[in-house]
There are 2 protein chains.
Amino acid sequence: MKIGDIANKTGFSIETIRFYEKQNLVKNVGRHINNYRDYGDEQIAQLVFIKQCRNIGLSNKEIKILQSHLENPQSECGEVNQLIASALKKIREQLKLLHETELQLNYLNSLCNHNGASHECGIMNELRTTRHF
Amino acid sequence: MKIGDIANKTGFSIETIRFYEKQNLVKNVGRHINNYRDYGDEQIAQLVFIKQCRNIGLSNKEIKILQSHLENPQSECGEVNQLIASALKKIREQLKLLHETELQLNYLNSLCNHNGASHECGIMNELRTTRHF
DNA sequence: ATTGACCCTATATTTACTTCAGGGTTTATA
DNA sequence: TATAAACCCTGAAGTAAATATAGGGTCAAT
Ligand SMILES: [Zn+2]
Ligand SMILES: [Zn+2]
Ligand SMILES: [Zn+2]
Ligand SMILES: [Zn+2]
């Protein structure tokens, strides 16, 4: 299977798939006689796994850790638990911050909806105001 | 005022403040005779404004646009409105994605809390499972 | 034989900083 | 007065996670 085929099949871009190979997230990629990359079921499984991990916000570094547990089925999964728990914690912190950001943006958004001079703009006036100091 | 002082006063790191000067987000920085940077109220105001913008998730590029409205008080603020509205839209999209991520992570988190072999781990089994294909 | 659709490598660009290497200056103290 | 700690400088490289670009090879069809 050529790179364009597996890109279609998995939803990753061609460049991303080549990048993942360079990062050793996609492994054991074969080559055709003409030097084109050759992919099989193993690489599809790898990319599916990567996609699952991306969907829960893991970094490529963290994905590698989980891959090592895939490859060492006898390893203890404590590290896996911790990784997921810490990812969840990070996501919740991000959510909290984003919620605050949303509130503030929503407020700003309400301060001006006309087209006037910037120095009379409610948004600019609010942003110009010193806070938190 | 030296860079360490303004760093303390504004909460930005020294390196970040130098970086912002290079990016022309902080402007008109003076110099002492010994070549040390010299900051005043103008730079404090600039950094306060930058902080406000960061708090609502704006990029440095977007901050520059808002700065140009500060510097041109007669400019029409339509661009400001649009920028804030589009930032709000982006934040809401991010929130939606993060909420889904949280759900999935929370589910994964419930699948294992013991310490066993990875190939029997509920988390790993779930991640290994092909979905969305 | 030439076009268009693919594929290759290597390098550069992006964002927003952070870190590092290799210095000079100022201030406190012994 | 010497010296060490604390602070400042520049320029370059590193970070994450791709994306884009330059320059060129391969393949299928017309
Ligand atoms: Zn919510
Ligand atoms: Zn306005
Ligand atoms: Zn097993
Ligand atoms: Zn487990």
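Every chain is numbered from 1 and lettered A, B, ... according to where its sequence line falls, protein lines coming before strand lines.
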Apply side-chain contact (heavy atoms from CB on, under 4.5 Å) to the pair A:Leu25 and A:Gln46, showing each step before the final yes or no. CA-CA 8 Å; A:Leu25 281 163; A:Gln46 288 166 8; over 6 Å; no

A side-chain contact here means heavy atoms from C-beta on lying under 4.5 Å apart; do A:Glu126 and A:Gln104 qualify? yes

Sugar-phosphate, base or nothing in reach of A:Arg37, heavy atoms under 4.0 Å: sugar-phosphate

Both B:Lys2 and B:Lys61 contact DNA chain C. Taking the nearest nucleotide for each, which residue is further toward the 5' end? B:Lys61

First of A:Tyr36 and B:Asn60 reached from the 5' end of DNA chain C, by closest nucleotide: A:Tyr36

Donor-acceptor under 3.5 Å (A:Glu21 side chain, A:Lys27 main chain): no

Would you say a side-chain N or O of B:Arg54 is under 4.0 Å from OP1 or OP2 of C:dC17? yes

So, B:Gln23 and B:Asn60: side-chain donor and acceptor under 3.5 Å apart, yes or no? no

From CZ of A:Arg31 over to C1' of C:dC8, roughly how many Å is that when rounded to an integer? 8 Å

Between A:Glu21 (CD) and D:dA18 (P), how many Å, whole number? 15 Å

Could you tell me how far apart B:Glu15 (CD) and D:dA12 (P) are, to the nearest whole angstrom? 18 Å

Can you see if the side chain of A:Asn34 gets near the phosphate of C:dC8 - specifically, an N or O under 4.0 Å from OP1 or OP2? no

How close or far is atom C1' of C:dA12 from atom CZ of A:Phe19, stated in whole angstroms? 14 Å

Using whole Å, report how far CG of A:Leu58 lies from P of D:dA16. 15 Å

Quick one: is A:Tyr20 getting a side-chain N or O under 4.0 Å of the D:dA18 phosphate, OP1 or OP2? yes

Of the listed nucleotides (D:dA17, C:dC8, D:dT26), which one gets closest to any side-chain atom of A:Ser59? D:dA17

Whole angstroms only, please: what is the CD1-P distance between B:Ile33 and D:dC9? 14 Å

Looking only at side-chain atoms of A:Arg18, point me to the closest of C:dT26, D:dC9, C:dT9. C:dT9

Rounded distance (nearest 0.5 Å) linking atom CD1 of B:Ile56 with atom CG of B:Leu88: 10.0 Å

Considering just the side-chain nitrogens and oxygens of A:Thr16, establish if one lies under 4.0 Å of OP1 or OP2 belonging to D:dT19. yes

Output the rounded distance in Å from CG (A:Asn24) to P (D:dA16). 15 Å

Roughly, in whole Å, what's the span from CE in A:Met1 to P in C:dC7? 12 Å

Measure from the side chain of A:Ser13, starting at C-beta and using heavy atoms only, and say which of C:dT18, D:dA18, D:dT19 lies closest. D:dT19

